[in-house]
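Here it is, the structure, as structure tokens.
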Amino acid sequence: MLFFMILGSVAFAFYIYFSIGIDRLATVLETLNFSSFLLYYSLSFGTMLLVMILWTASWLVLLRALSMNLGFRKTFLYYMAGDFVDRIVPSPGVVGEVTRAFFVRGDTLSTYGVIAAAGITNRVIVYGVVVGGLSLGTGFLLVTQTVPYFASGLLMAVWFGALALFALLWFVSVKENAARKIVSALMRLLRGLRLKHNFEEMSNRVFRFLSRFNEGFKFFGANPHYLVAPVIFSAVSFSLNFLVYILVFHSLGLGMLPLDFFIVIYFLAGAVQDGAASFSVGGLEILLTNIFILYGIPPATSGVAAVIVRIVTFYFPLIVGYACLQVIGAKNVLNSRTIEEVEEEEQADPTA
């Protein structure tokens with residue numbers, strides 16, 4: 001993954017050099033009001049840190065509802081370690097949840113199925129908030145007729161993708177054996193396409209993990225009051241994450257940009273970043289630079305903006321997550337033993 005991140009960064013550097021020019025970037029930096037930049041950019045980092053704290057708080061409430069009484073510090077370490085994995089491995093949060101379950105399992109007597117119930121329930125809440133926010137944002141753009149021509153199709157694709165993922169997680173959560181049925185259909189498709197057996201085995205493992213938390217999810221269905229605080233935390237973190245983009249552009253002296261601009265870049269950048277993980281490095285910076293240019297921001301300023309936006313929204317949480325992983329001391333978390341332990345527990349206790 002590091003190789004692809006370096007390759008993407010090099011590609012973006014070549015794009016800046018040949019399409020914009022180093023001299024024009026230097027001009028932007030020379031004319032920058034550094035006192036204003038430091039103020040607003042520091043606020044963006046502080047806001048992003050608060051977002052990460054709220055992510056952790058939402059998960060912690062759900063863990064404690066299922067009698068897993070971890071302290072906030074340890075929960076933050078585990079959550080951000082899982083977030084680090086999600087940012088380097090392209091998956092809709094699955095690998096990160098497996099990672100968190102692995103860590104929590106070492107500190108509690110709970111089974112992986114119960115731990116997964118808290119993690120996937122939190123994921124369902126997050127995607128529910130995202131779908132709601134995306135619906136409101138897209139609705140605002142349609143009502144005000146400010147949907148840019150280049151982003152209309154992309155925004156609809158992001159909306160349908162978020163809705164589909166939310167629906168899939170909800171379906172797997174509330175329906176018995178739903179994951180096994182999905183896997184059965186997926187395996188038939190893969191056999192028809194004659195893809196490699198290793199991919200089929202990995203998909204089967206992941207979905208077996210997802211299928212084992214129905215009992216824990218039923219607990220939240222019977223006790224919905226435990227979901228109130230996580231919903232609030234997720235909604236506030238979603239709003240603050242949006243604020244990060246506004247603060248970053250304020251730091252560059254671009255505080256008068258229209259609301260539709262921030263709606264477009266927030267959802268498009270978030271969708272590409274979450275879906276592509278480390279593979280988004282370089283490509284997303286180029287995409288953002290071009291979107292900023294289409295909104296009338298000078299090319300050199302657009303390139304600088306793309307870099308500093310990504311530093312706050314991607315690299316800062318990535319570094320925090322890596323630091324948390326080092327504090328935990330689990331350097332080999334990305335190997336297959338985590339999923340294998342889940343499978344071993346399933347075989348020993350089918351009701352877990």
Side-chain angles (χ1 to χ4, degrees), residues 28-29 31-55 58 83 87 126 129-148 150-152 154-155 158-159 162 232-274 280 284-320:
V28 172
L29 297 177
T31 57
L32 193 63
N33 184 330
F34 276 96
S35 60
S36 177
F37 173 79
L38 290 175
L39 172 62
Y40 285 107
Y41 202 45
S42 298
L43 287 174
S44 70
F45 277 101
T47 304
M48 194 66 216
L49 180 60
L50 183 56
V51 168
M52 292 186 280
I53 290 173
L54 289 170
W55 289 343
S58 176
D83 184 76
R87 288 176 187 272
V126 169
V129 170
V130 169
V131 170
L134 184 53
S135 299
L136 289 174
T138 305
F140 171 82
L141 295 177
L142 292 173
V143 170
T144 58
Q145 298 182 343
T146 54
V147 184
F150 63 86
S152 56
L154 289 174
L155 283 174
V158 170
W159 185 84
I232 294 174
F233 289 146
S234 296
V236 174
S237 66
F238 178 86
S239 302
L240 290 177
N241 213 346
F242 184 82
L243 178 61
V244 167
Y245 286 81
I246 298 176
L247 289 171
V248 167
F249 280 89
H250 264 283
S251 72
L252 293 174
L254 300 171
M256 301 305 292
L257 291 167
L259 181 60
D260 58 279
F261 168 81
F262 292 106
I263 292 174
V264 170
I265 64 167
Y266 178 61
F267 288 115
L268 291 185
V272 174
Q273 180 173 291
D274 292 345
S280 69
L284 182 52
E285 283 85 349
I286 294 173
L287 174 64
L288 289 176
T289 300
N290 282 278
I291 291 176
F292 300 160
I293 292 173
L294 288 172
Y295 269 97
I297 300 174
T301 305
S302 295
V304 172
V307 171
I308 65 175
V309 162
R310 289 280 280 165
I311 288 174
V312 179
T313 60
F314 181 78
Y315 293 104
F316 177 50
L318 184 75
I319 293 171
V320 172

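Along the sequence shown, the residues carry numbers beginning at 1. Worth saying up front: this structure is predicted, and the values here are computed from it rather than measured.
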**Message:** Checking the side chain of Thr31 only, and the main-chain atoms of Val28 only, is there a donor and an acceptor separated by less than 3.5 Å?
**Reply:** yes
**Asked** How long is the span from the CG atom in Leu38 to the CZ atom in Phe34, to the nearest 0.5 Å?
**Response** 7.5 Å
**Intermediate values then yes/no, side-chain contact (heavy atoms from CB on, under 4.5 Å), Tyr266 and Asn241** = CA-CA 9 Å; Tyr266 178 61; Asn241 213 346; 3.4 Å; yes
**Request:** Decide yes or no for Leu134 and Val158: does some side-chain heavy atom of the first lie under 4.5 Å from some side-chain heavy atom of the second?
**Result:** yes
**Message:** So Leu49 and Phe45, do their side chains get closer than 4.5 Å, heavy atoms only?
**Reply:** no
**Closest non-hydrogen atom pair between Pro299 and Thr289, with its separation** = O-CG2, 4.4 Å
**Request:** Work out which heavy atom in Phe267 is nearest to a heavy atom in Gly137; give both atom names and the distance.
**Result:** CE1-CA, 4.5 Å
**Message:** Test your reading of the model: is there a side-chain donor-acceptor pair from Ser44 to the backbone of Leu247, 3.5 Å cut-off?
**Reply:** no
**Message:** Within this structure, what is the CD1-OG distance for the pair Ile53 and Ser237, rounded to the nearest 0.5 Å?
**Reply:** 11.5 Å
**Prompt:** Can any side-chain N or O of Ser58 pair as donor or acceptor with the backbone N or O of Leu54 at less than 3.5 Å?
**Reply:** no
**Asked** Roughly how far, to the nearest 0.5 Å, is CE of Met48 from CG of Leu43?
**Response** 14.5 Å
**Message:** Let me confirm one number: the CD1-CZ distance from Ile319 to Arg87, rounded to the nearest 0.5 Å.
**Reply:** 11.0 Å
**Request:** May I have the step-by-step check of side-chain contact (heavy atoms from CB on, under 4.5 Å) for Val126 and Trp55, ending in yes or no?
**Result:** CA-CA 9 Å; Val126 169; Trp55 289 343; 5.9 Å; no
**Asked** Which value, rounded to the nearest 0.5 Å, describes the distance between Thr146 atom OG1 and Leu259 atom CG?
**Response** 8.0 Å
**Request:** Please step through side-chain contact (heavy atoms from CB on, under 4.5 Å) for the pair Leu141 and Ile263, ending with a clear verdict.
**Result:** CA-CA 8 Å; Leu141 295 177; Ile263 292 174; 3.9 Å; yes
**Message:** For the CD1 atom of Ile291 and the CD1 atom of Ile286, what is their distance to the nearest 0.5 Å?
**Reply:** 12.5 Å
**Nearest non-hydrogen partners of Ser302 and Phe292, listed with the distance** = OG-CB, 3.2 Å
**Asked** Would a 4.5 Å heavy-atom cut-off, applied to side chains only, mark Ile265 and Phe262 as touching?
**Response** yes
**Shortest non-hydrogen contact between Val129 and Ala235, atoms and distance** = CG1-CA, 3.9 Å
**Minimum side-chain heavy-atom gap Val264-Tyr295 below 4.5 Å** = yes
**Asked** Which atoms form the tightest heavy-atom contact between Leu284 and Ala269, and what is the distance?
**Response** CD2-O, 3.7 Å
**Asked** So, for Tyr40 and Phe249, is the gap between ring centers shorter than 6.0 Å?
**Response** no
**Message:** Main chain of Ile308, side chain of Tyr41: is a donor-acceptor contact present, judged purely on distance under 3.5 Å?
**Reply:** yes
**Asked** Are side-chain heavy atoms of Thr313 and Tyr245 found at a separation under 4.5 Å?
**Response** yes
**Message:** Run Ile297 and Phe261 through side-chain contact (heavy atoms from CB on, under 4.5 Å) and show every step you take.
**Reply:** CA-CA 11 Å; Ile297 300 174; Phe261 168 81; 4.0 Å; yes
